[in-house]
Amino acid sequence: MQIATWNVNSLSVRLPQVLDWLAANPVDALGLQELKLVDEKFPHEALQEAGYHAVSFGQKTYNGVAILSRTPARDVVRNIPGHGDEQARVIAATLDTPAGPLRLVNAYFVNGQAPGTDKFTYKMGWLQALHDWLRAEMAQHPRLALVGDFNVAPEDRDSFDPVGLAGTIHHTQEERAHFQALLQLGLTDAFRLFEQPDKSFSWWDYRMLGFQKNRGLRIDHILVSQALRPYVTACHVDRAPRKNKQPSDHTPVVATLAL
DNA sequence: ATGACTAATACCATTAGA
């Protein structure tokens, strides 16, 4: 089976591209971020016609996440239990595969704007809460994948300019320490299980010909638990949608699992 | 480089993204 993540930067605008992409890439599950719409406006019908069930957690204007899946999702959790949050950033659900259940956690991590800002403080608290909840979630669901827009470039090689951007948002020690803490829960970055091209990124700024110059960051990730890791047979970034007319600034990341 | 794009808002300028 294949699972994927894609920050679409407005599902209303990007729905045709999502449908096109799913037609060409019929993944079993897709985590979407930055829906920027309320649940009442979620395009269930169009996705159903494309062969996908969906569970969504939206809000007006900003944020919003959803899980699309070939089979119905169950035991849906919205946001981090016990962590009060006005922003719709997490949706988790269980998918039943022939080989057993797979727990999928799809998250739109906080951006954080810049170190020293209130938003950065919010990001740190959110990351800690996610970590603490995931520890319990993984104990309950050994076969777990955490996918989404992490808004963290884990290592220097995940940035087009690690020197110039050192210490800036997505590159700070604090953010990277939180990413490492997730790995210490037993999660593995599926992308790095395999040989990858240099300068592999998943986001490029809309400005200054960022994509054309490959001035990007790898901030969209698929992390798998120890129980899932042996089943991962491939993981790649699909740059193709970034070449669309009116693209999202992010592009999908896809992992293949022998499930 | 206080910049550049893109999307949403009950709006024609501001906020947010990363």
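As the structure is a prediction and not an experimental result, all values here were calculated from the model. A, B, ... follow the sequence lines: proteins, then strands. Residue 1 opens every chain.
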Determine whether the aromatic ring centres of residues A:His236 and A:Phe194 are separated by less than 6.0 angstrom.
no
Taking B:dA8, B:dA18, B:dT6 as options, the one with an atom nearest any side-chain atom of A:Arg14 is B:dT6
Counting only side-chain nitrogens and oxygens, does A:Thr168 get under 4.0 Å of the OP1 or OP2 atom of B:dA18?
no
Give the rounded distance in Å between these two atoms: CG of A:Leu35 and C1' of B:dT6.
17 Å
For the pair A:Arg192 and A:Asp158, find out whether any cationic side-chain nitrogen is under 4.0 Å from an anionic carboxylate oxygen.
yes
Round to a whole Å and report the spacing from CG of A:Asn9 to P of B:dA18.
8 Å
Restricting to pairs with a member in residues 8-31 of chain A, which pass ring-ring contact (aromatic ring centres under 6.0 Å, His included), not counting sequence neighbours?
A:Trp6-A:Trp21
Just the rounded figure in Å: distance from P of B:dG17 to CG of A:Asp149.
11 Å
Yes or no on side chain to side chain donor-acceptor pair (under 3.5 Å) for A:Asn111 and A:Lys123, after CA distance, side-chain angles and deciding distance?
CA-CA 7 Å; A:Asn111 175 317; A:Lys123 182 174 194 171; 5.4 Å; no
Does a nitrogen or oxygen in the side chain of A:Lys119 sit under 4.0 Å from OP1 or OP2 of B:dA18?
no
When the distance from CG of A:Asp249 to P of B:dG17 is rounded to whole Å, what number comes out?
12 Å
Does A:Arg89 qualify as a cation-pi partner of A:Tyr108, given the criterion of NZ or CZ under 6.0 Å from the six-membered ring centre and within 45 degrees of its axis?
yes
Name the nucleic acid region contacted by A:Asn63, choosing base, sugar-phosphate or nothing; use a 4.0 angstrom heavy-atom cut-off, strictly under.
nothing
P gap between B:dT14 and B:dA4, integer Å:
13 Å
OP1 or OP2 of B:dA16 less than 4.0 angstrom from a side-chain nitrogen or oxygen of A:Tyr108, does that happen here?
no
At 4.0 Å (heavy atoms only), tell me whether A:Asn151 reaches a base, stays on the sugar-phosphate, or touches nothing.
sugar-phosphate
List every contact pair, protein side and nucleotides 1-4 of chain B side both N or O, where the distance is under 3.5 Å.
{"unit_1": "B:dA4", "atom_1": "N7", "unit_2": "A:Arg207", "atom_2": "NH1", "d": "2.9"}

Taking the basic N atoms (NZ, or NE/NH1/NH2) and the acidic carboxylate oxygens, is any pair closer than 4.0 Å for A:Asp39 and A:Lys60?
no
For atom CG of A:Asp220 and atom C1' of B:dA18, their distance in whole Å:
11 Å
Side-chain N,O (A:His250) to OP1/OP2 (B:dA18) below 4.0 Å
yes
Within the 4.0 Å heavy-atom criterion, would you say A:Asn7 contacts the bases, only the backbone, or no part of the nucleic acid?
sugar-phosphate
Looking at B:dA7, B:dT9, B:dG17, which one has an atom nearest to any side-chain atom of A:Arg89?
B:dG17
Could you state the CD-P distance from A:Glu34 to B:dT15, rounded to the nearest angstrom?
18 Å
Charged N to carboxylate O below 4.0 Å: is that the case for A:Arg74 and A:Asp96?
yes
Got a sec, which residues hit ring pair (Phe, Tyr, Trp, His ring centres under 6.0 Å) with A:His131, two or more places apart in sequence or on another chain?
none
When only distance counts, do a donor and an acceptor, one from the side chain of A:Asn111 and one from the base of B:dA18, lie under 3.5 Å apart?
yes
Take the protein atom CZ of A:Phe120 and the nucleotide atom C1' of B:dA18, then report the distance between them rounded to whole Å.
13 Å
For the side chain of A:Ser12, counting heavy atoms from C-beta on, which of B:dA8, B:dA18, B:dA16 is nearest?
B:dA8
Between B:dA18, B:dT6, B:dT9, spot the one nearest the side chain of A:Trp203, thanks.
B:dA18
B:dA7 phosphate, OP1 or OP2: any side-chain N/O from A:Gln246 under 4.0 angstrom?
yes
Using whole Å, what does the distance between atom P of nucleotide B:dT15 and atom CD of A:Gln59 come to?
18 Å
